[in-house]
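For reference, the structure discussed in these notes is given below.
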Amino acid sequence: MVEIDKYTDVNDLPLIFWQESYDVFKKLPELTESLNLDSIAPLIGWLEGKDYKELADLYFDGKTEIVVKKLEKVTHAFSWGFNSLIRHITFYLNSQKTPKIFNNLTSFVTHGVSTTAAVYAMSLGVYDRQVAISLSKAYQTIHPETEYSTFKEWLFNLDFGQWVEILQAHTGSSRKIEECFDNIQHKQQTLQSNQKVFDCTFINVENSVNIDGSIQLNELLIVEFNDHLWITTYDYQKYWQLSGVNIDKLKQFNRQMQDMIIQQIDFQQSTAKISIH
């Protein structure tokens with residue numbers, strides 16, 4: 001489980017996973033008609049980022065319209081199948097965390113990209129697959145792990161000159177690059193304007209932590225454990241359980257797609273302001 005949880009690229013999954021998933025899904029009455037490929041090679045090519053024309057030339061005698069129709073059906077069928085699969089995996093794992101690679105399977109297939117970072121890029125407004133893939137590769141050269149909050153901050157902080165440098169191979173796509181860059185800027189502005197702030201209290205568990213006033217905001221983060229939200233230091237040596245009327249609202253947010261930031265904290269009053277981004 002530990003090894004699988006480190007996967008961030010569908011290429012980390014063996015080919016037999018995709019073949020057996022295809023075979024299983026094809027046996028389902030709801031999906032049989034949608035899965036009519038001669039092999040899964042076109043699906044793998046789609047996940048690797050190949051465009052419709054390239055897939056048509058490789059597998060469908062250059063007939064792009066056939067690729068579009070068949071892939072549309074296949075991606076819909078796999079999305080439906082993977083949603084069911086993930087629910088079963090989550091059930092059988094019980095309290096254990098579902099590996100991230102499985103949570104993103106539907107997005108990989110729908111968007112036609114192979115990395116978690118590329119999925120994040122497209123969810124933030126990069127509509128072009130090749131641009132998203134190139135951005136994800138640039139990100140992964142400097143970040144060994146792919147966390148949504150870290151990727152989002154990195155992407156939001158890129159200026160247009162950096163985009164051009166990263167995407168210099170896409171010389172014929174200057175308009176797409178500009179549109180994607182503008183989409184990211186708009187997304188950032190929207191997130192900032194829609195920022196939500198919640199007032200909370202917190203409990204000093206077992207009164208085990210003596211506050212000496214030296215703890216700074218940038219030394220704290222919010223984690224979820226045993227169905228509770230906690231404020232903790234990065235070394236997890238000091239921690240406080242969040243409480244109050246807004247806790248249920250905070251728990252409803254998707255921690256993979258949204259960040260919880262501690263805006264203010266008062267240790268004397270045991271209060272904190274938590275913002276969602």
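Quick caveat: nothing in here was measured; it's all calculated off a predicted structure.
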Other residues, nucleotides and ligands only: do more than 12 of their heavy atoms fall within 6.0 Å of NE2 on H143?
yes

Is it true that E65 and K63 make a salt bridge, defined as a side-chain N closer than 4.0 Å to a carboxylate O?
no

Donor-acceptor contact below 3.5 Å, side chain N226 vs main chain H228:
no

Under a 3.5 Å distance rule, please check whether Q189 uses its side chain to pair with a backbone N or O of H186 as donor and acceptor.
no

Is a side-chain N or O of R129 found less than 3.5 angstrom from the main chain of M122, in a donor-acceptor match?
no

Got a second to check how far L135's CG is from K137's NZ, nearest 0.5 Å?
11.5 Å

Walk me through it: do W18 and V10 pass the test side-chain contact (heavy atoms from CB on, under 4.5 Å)?
CA-CA 10 Å; W18 296 99; V10 294; 3.8 Å; yes

W230-F225 aromatic ring centre distance below 6.0 Å
no

Same cluster (ILVMFWY, side-chain, under 4.5 Å), L55 and L15
yes

Is there a ring pair (Phe, Tyr, Trp, His ring centres under 6.0 Å) between F82 and F25? Walk through the geometry before answering.
CA-CA 9 Å; F82 278 143; F25 295 161; 5.5 Å; yes

Over all heavy atoms of both residues, which pair between A132 and A121 is shortest? Give the atoms and the distance, please.
CB-CB, 4.1 Å

Might you work through the side-chain contact (heavy atoms from CB on, under 4.5 Å) test for V197 and I274, ending with a clear yes or no?
CA-CA 5 Å; V197 179; I274 312 296; over 6 Å; no

Answer yes or no: does atom CD of E165 have more than 12 heavy-atom neighbours from other residues, nucleotides or ligands under 6.0 Å?
no

For atom CG of D159, decide whether the heavy atoms of other residues, nucleotides or ligands shown that lie under 6.0 angstrom number more than 12.
yes

If you count heavy atoms of other groups shown closer than 6.0 angstrom to NZ of K26, is the number above 12?
yes

Non-hydrogen side-chain atoms of F160 and I177 separated by less than 4.5 Å:
yes

Is F60 close to L37 at the side-chain level, that is, under 4.5 Å between some pair of heavy atoms?
yes

So, do W154 and F151 have ring centers that fall under 6.0 Å from each other?
yes

If you look at every heavy atom in Q263 and S275, which pair is closest and at what distance?
NE2-OG, 2.7 Å

Could you measure the distance from the CG atom of L35 to the CD1 atom of I40? Nearest 0.5 Å is fine.
11.5 Å

Are any non-hydrogen side-chain atoms of V245 and D199 less than 4.5 angstrom apart?
no

All heavy atoms of G49 vs all of I133, minimum pair found to be CA-CD1, 3.7 Å

Would a 4.5 Å heavy-atom cut-off, applied to side chains only, mark L28 and W80 as touching?
yes

Where is the tightest heavy-atom contact between I184 and F156, given as atom of each residue plus distance?
CG2-CD2, 3.7 Å

Would a distance-only check, ignoring hydrogens and angles, find a side-chain to backbone donor-acceptor pair under 3.5 Å from N246 to K249?
no

With a 4.5 Å cut-off on side-chain heavy-atom distances among I, L, V, M, F, W and Y, is there a chain of contacts connecting M260 to L220?
yes

Where the side chain of Y59 meets the backbone of S39, is there a donor-acceptor pair that is under 3.5 Å apart?
no

Just by distance, do the side chain of T232 and the backbone of K238 share a donor-acceptor pair under 3.5 Å?
yes

Between the side chain of N104 and the main-chain N/O of S107, is any donor-acceptor distance below 3.5 Å?
no

May I ask you to decide whether D23 forms a salt bridge with K27, counting only side-chain N to carboxylate O separations under 4.0 Å?
no

Scan side-chain atoms only and decide if T106 and S79 contain a donor-acceptor pair under the 3.5 Å cut-off.
no

Side-chain (E20) to main-chain (F17) donor-acceptor, under 3.5 angstrom
no

Should L158 and I142 be counted in the same cluster of Ile, Leu, Val, Met, Phe, Trp and Tyr side chains packed under 4.5 Å apart?
yes

Determine, using the 4.5 Å side-chain heavy-atom cutoff (strictly less than), whether F181 and Y127 are members of one ILVMFWY cluster.
no

Could you grab the distance from atom CG of L221 to atom CD1 of I231, nearest 0.5 Å is fine?
9.5 Å

d(S114 OG, N11 CG) to nearest 0.5 Å is 5.0 Å

Angle between ring planes, F267 versus W240, binned at 30° and 60°: parallel, tilted or perpendicular?
tilted

Verdict with supporting geometry, L229 and K251, side-chain contact (heavy atoms from CB on, under 4.5 Å):
CA-CA 8 Å; L229 292 174; K251 288 181 179 179; 4.1 Å; yes

Verify the cluster assignment for V109 and L13: are they in a single hydrophobic cluster under the rule of side-chain heavy atoms below 4.5 Å apart?
yes

To the nearest 0.5 Å, what is the distance between CG (D57) and OH (Y52)?
15.0 Å

So do the side chains of F202 and I265 get within less than 4.5 Å of each other, counting heavy atoms only?
yes

Do E54 and L58 make a side-chain contact, defined as non-hydrogen atoms from C-beta onward lying under 4.5 Å apart?
yes

Nearest heavy-atom neighbours spanning F108 and T116:
CE2-N, 3.6 Å

Does any part of the side chain of L124, heavy atoms only, come nearer than 4.5 Å to the side chain of K152, both counted from C-beta?
yes

Under a 3.5 Å cutoff, is there a donor and acceptor pairing between the side chains of T201 and S270?
no

Would you name the heavy atoms of L71 and P42 that are closest together and state the gap between them?
CD2-O, 4.4 Å

Show, in sequence, the C-alpha distance, side-chain angles and deciding distance for T271 and C200, and conclude whether the side-chain contact (heavy atoms from CB on, under 4.5 Å) test is met.
CA-CA 6 Å; T271 59; C200 299; over 6 Å; no

Rounded to the nearest 0.5 Å, what separates atom NZ in K50 from atom CD in Q130?
10.0 Å

Kindly check if the number of other-residue, nucleotide or ligand heavy atoms within 6.0 Å of CD (Q185) is above 12?
yes

Taking E72's backbone N and O only, do any of them form a donor-acceptor pair with T75's side chain (distance below 3.5 Å, no angle check)?
yes

Is there side-chain contact between S34 and F78, with at least one heavy-atom pair below 4.5 Å?
no

